[in-house]
Amino acid sequence: MSSRMFKFGVTAASACVGSVIASWSIDRWNSPHVVNNAVQRPPKRKRTLPMRSEQINSLMSGDEFDVLIIGGGATGAGCALDSVTRGLKTALVELDDFASGTSSRSTKLIHGGVRYLQKAILGLDFEQYRMVKEALQERATMLESAPHLTHPLPIMLPVYTWWQVPYYWVGIKAYDLVAGDRNVKSSYLLSKKNALELFPMLKKDKLCGAIVYYDGQQDDARMCLAVALTAARHGATVCNHVEVKELLKKDDGTGKMVLCGAKVKDHISGKEFTVKAKCIINATGPFTDSIRKMDDPTVKSICSPSSGVHIVLPGYYSPDQMGLLDPSTSDGRVIFFLPWQRQTIAGTTDLPCDVTHSPRPTEDEIQFILSEIKNYLNADVEVRRGDVLSAWSGIRPLVSDPNKGDTQSLARNHIVHVSPSNLVTIAGGKWTTYRAMAEHTIDAAIKACKLQPERAEAVTAYLKIEGGQGWTPTMYIRLVQDFGLECEVAQHLAKSYGDRAFAVSKMASLTGKRWPIIGNRIHPEFPYIDAEIRYGVREYACTAVDMIARRLRLAFLNVQAAQEALPVIVDIMGEELQWSKDEKERQIKHATDFLANEMGHSINRTSKERIPIKLSKEEIQTYVKRFQLIDKDKKGYVSINDIRRALKSFGDGDVSGEQLHEILKEIDTNMNGQVELDEYLQMMSAIKTGDVAYSRFARMAELEEQKHEAANLKQKISVDRSGGGL
């Protein structure tokens with residue numbers, strides 16, 4: 001025991017002393033990775049947001065841009081904003097949609113990295129320490145620049161071994177210390193009783209206490225979009241769904257071949273054209289190597305992609321304002337368990353993968369996360385496979401540094417590399433440091449391509465992002481009072497759009513009710529309204545997937561709800577974009593495939609199919625009876641007409657055809673357009689075991705039985721037999 005305490009004392013003392021010395025050192029050293037905090041006046045926004053057609057015309061104009069950025073994720077959008085606010089003529093193209101890749105599939109945290117600091121101090125790794133220091137500075141900057149899309153989030157670290165309480169406390173305090181005056185809020189220690197009050201779902205057996213520290217949380221896809229829109233308002237030409245087909249080169253006059261532009265294709269119109277640029281920046285994340293090899297086919301690959309899967313569970317799995325960190329899972333990884341938009345996010349995994357535009361979560365990864373969650377929740381919380389509302393995989397682009405001779409070891413921070421032809425590649429890093437990464441990239445681009453910016457230094461550290469300028473925490477009250485919106489809807493609009501929420505509200509349609517006056521929801525369980533679809537088109541949404549995944553976050557929050565809302569969303573987008581009937585059908589099919597493959601819908605369905613029937617004889621008899629009551633024609637199966645007839649008998653006569661098909665699809669595992677008895681029994685078994693949380697068909701069958709029994713009771717006790725009444 002004395003040996004253990006001695007080791008702990010040495011470790012704790014080393015952590016404190018090391019963090020103090022390192023903090024002092026890094027502030028004294030003139031590191032290229034320390035953000036220049038000299039006060040500068042950010043430029044004013046130059047114009048209103050142009051339409052996408054105007055942006056495409058700007059690309060096609062033949063004018064030469066100073067900078068052409070390939071990639072519309074967090075880093076690419078950050079580069080566009082940094083470049084244009086320095087006075088450079090800037091263009092950005094993205095093959096898919098803004099944040100369609102890794103930038104929309106993160107853990108939604110804005111953090112420095114607690115585990116990285118632990119490794120940095122215990123391993124005396126100064127490079128890793130510097131990375132944490134920079135990330136903590138950028139965390140504060142993000143919270144200030146987009147207050148509507150970000151907020152501080154307390155995260156609890158439960159401790160189940162008494163000697164680990166001071167160990168983790170020292171580590172978390174070192175995290176606060178490294179942040180310095182840029183810290184969000186101070187961490188604090190909790191007793192077992194107080195920890196359970198704040199996080200009642202927590203497993204109480206052997207719990208010694210907990211430490212709570214603060215990081216930031218964001219809506220990642222909308223944050224990335226807001227950065228791109230801010231760049232557009234300052235004069236940048238930003239275009240989604242535009243693919244780079246070829247990089248163009250010319251002789252610079254000294255015999256050296258340098259990049260001078262790119263051939264691109266607009267996938268919306270089908271047009272191909274050339275964009276001229278003095279400098280090209282490769283900010284394509286996991287696809288870094290594809291652009292590098294387009295420049296030089298002989299270069300070695302530097303990207304080592306890693307898949308990170310997250311799942312979304314109902315909101316009751318976690319408190320509204322408290323996250324949870326599992327610092328050491330069964331295989332040594334870290335699992336976060338976080339409240340997000342009234343649901344709960346859990347993740348992530350970390351496995352090698354192939355680079356693809358359509359990463360998919362696997363059942364094994366989902367089961368791993370669920371099994372780890374069970375270790376920290378009490379027995380009252382039954383962690384069920386059927387509670388998984390959505391699941392997605394994001395590809396983390398780990399890279400080796402081509403600037404170093406040894407390309408085998410992976411860089412822990414981001415790298416900026418300039419090729420012989422002046423292709424500037426920015427790779428690695430993480431969401432939190434997107435702004436600093438962009439600053440370093442534009443610095444390198446100016447130097448390599450001899451650009452002449454109006455401002456030599458970046459000003460993005462002092463710039464409010466789209467929607468942040470006029471936002472206040474109580475702004476939603478004005479939306480309720482001025483427009484007659486539901487309070488929940490108003491809060492959602494204020495948090496998602498900031499001061500642009502007023503422009504969104506003006507596009508909302510009348511409800512025809514006494515209250516709310518405007519704002520028809522596109523799904524009854526979520527605060528998204530029709531006006532957001534129309535406004536989303538003005539935010540450059542071109543497809544149904546753009547809308548359900550990145551303008552709204554419905555696909556990430558509940559894949560079944562996203563599927564149910566699709567017809568309404570496509571109809572409104574069709575009005576705005578003048579889609580034909582065939583195009584609407586194509587959009588629904590494409591979005592359905594996206595939900596099935598990339599958002600976990602097909603895996604959820606497959607997991608139901610694997611469930612064996614575990615019902616007692618009495619339960620089977622009950623369910624067979626219910627099934628036969630719905631199948632009034634004794635066909636041996638239930639058709640969509642049977643479902644329609646049953647719903648009408650309950651007074652639900654206005655159920656649409658799309659809703660009827662959704663009820664059928666949730667139980668029709670054979671995919672033959674009808675419900676057979678074995679499918680119904682399998683569903684009821686899944687509900688019993690917790691693999692499925694709820695079924696509308698099952699509820700309908702239960703109500704049908706109740707109605708039948710009530711009718712029989714009336715027949716048994718007639719007025720005559722009861723004595724005739726009064």
Side-chain angles (χ1 to χ4, degrees), residues 31-36 65-94 98-99 101-103 130-131 134-135 137-138 141-142 145 224 227-228 230-231 234 236-238 244 247 258-259 262 277-289 291-292 295 302-303 397 399-403 411-461 463:
S31 168
H33 292 282
V34 176
V35 177
N36 184 351
F65 291 91
D66 291 319
V67 177
L68 171 63
I69 299 154
I70 307 172
T75 308
C79 286
L81 181 57
D82 189 293
S83 175
V84 74
T85 51
R86 293 200 203 194
L88 295 171
K89 186 175 174 64
T90 305
L92 178 148
V93 293
E94 161 60 41
F98 305 112
T102 309
S103 296
R130 190 169 59 180
M131 179 182 73
E134 179 185 62
Q137 290 180 334
E138 291 302 315
T141 301
M142 281 188 72
S145 66
C224 179
V227 174
T230 307
H234 279 89
T237 299
V238 297
V244 172
L247 296 179
V258 295
L259 294 173
K278 298 173 184 175
C279 178
I280 296 181
I281 294 174
N282 173 17
T284 52
F287 303 95
T288 294
D289 286 326
I291 300 299
R292 292 178 73 241
D295 173 44
I302 62 170
C303 189
V399 293
S400 56
D401 192 344
N403 297 309
R412 292 172 180 147
N413 207 342
H414 61 270
I415 59 100
V416 179
H417 177 257
V418 181
S419 75
S421 62
N422 289 349
L423 175 66
V424 181
T425 294
I426 170 66
K430 59 182 178 179
W431 230 119
T432 306
T433 57
Y434 87 93
R435 193 210 63 81
M437 291 165 62
E439 180 178 338
H440 305 154
T441 305
I442 300 303
D443 285 344
I446 290 170
K447 182 179 179 181
C449 301
K450 298 179 175 58
L451 303 177
Q452 300 295 322
E454 293 176 7
R455 300 172 186 83
E457 301 291 333
V459 295
T460 49
L463 204 62

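The first residue of the sequence shown is numbered 1, and numbering continues consecutively from there.
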Check ion pair [X]-[Y] (N to O, under 4.0 angstrom):
X    : Y    : value
R292 : D295 : no
E134 : R130 : no
D82  : R86  : yes

Test your reading of the model: is there a side-chain donor-acceptor pair from [X] to the backbone of [Y], 3.5 Å cut-off?
X    : Y    : value
T288 : T284 : no
W431 : S103 : yes
E94  : G72  : yes
S419 : L423 : yes
D66  : K89  : yes
T85  : L81  : yes

Nearest non-hydrogen partners of [X] and [Y], listed with the distance:
X    : Y    : answer
A456 : D443 : O-OD1, 4.3 Å
G73  : C224 : C-SG, 3.4 Å
C303 : P286 : SG-O, 3.8 Å
T141 : A461 : CG2-O, 3.9 Å
V84  : H234 : CG2-O, 3.5 Å
A445 : V424 : CA-CG2, 4.1 Å

Heavy-atom side-chain proximity of [X] to [Y] below 4.5 angstrom:
X    : Y    : value
N422 : L259 : no
V227 : Y434 : yes
T441 : I281 : yes
I442 : C79  : yes
I280 : L247 : yes
V238 : F98  : yes

Nearest-0.5 Å distance, [atom1] of residue [X] to [atom2] of residue [Y]:
X    : Y    : atom1 : atom2 : result
T433 : N413 : OG1   : CG    : 6.5 Å
H414 : T425 : NE2   : OG1   : 13.0 Å
K430 : E138 : NZ    : CD    : 11.0 Å
Q452 : I446 : CD    : CD1   : 9.0 Å
T237 : L92  : OG1   : CG    : 10.0 Å

By side chain to side chain donor-acceptor pair (under 3.5 Å), T90 pairs with (sequence neighbours left out) S83
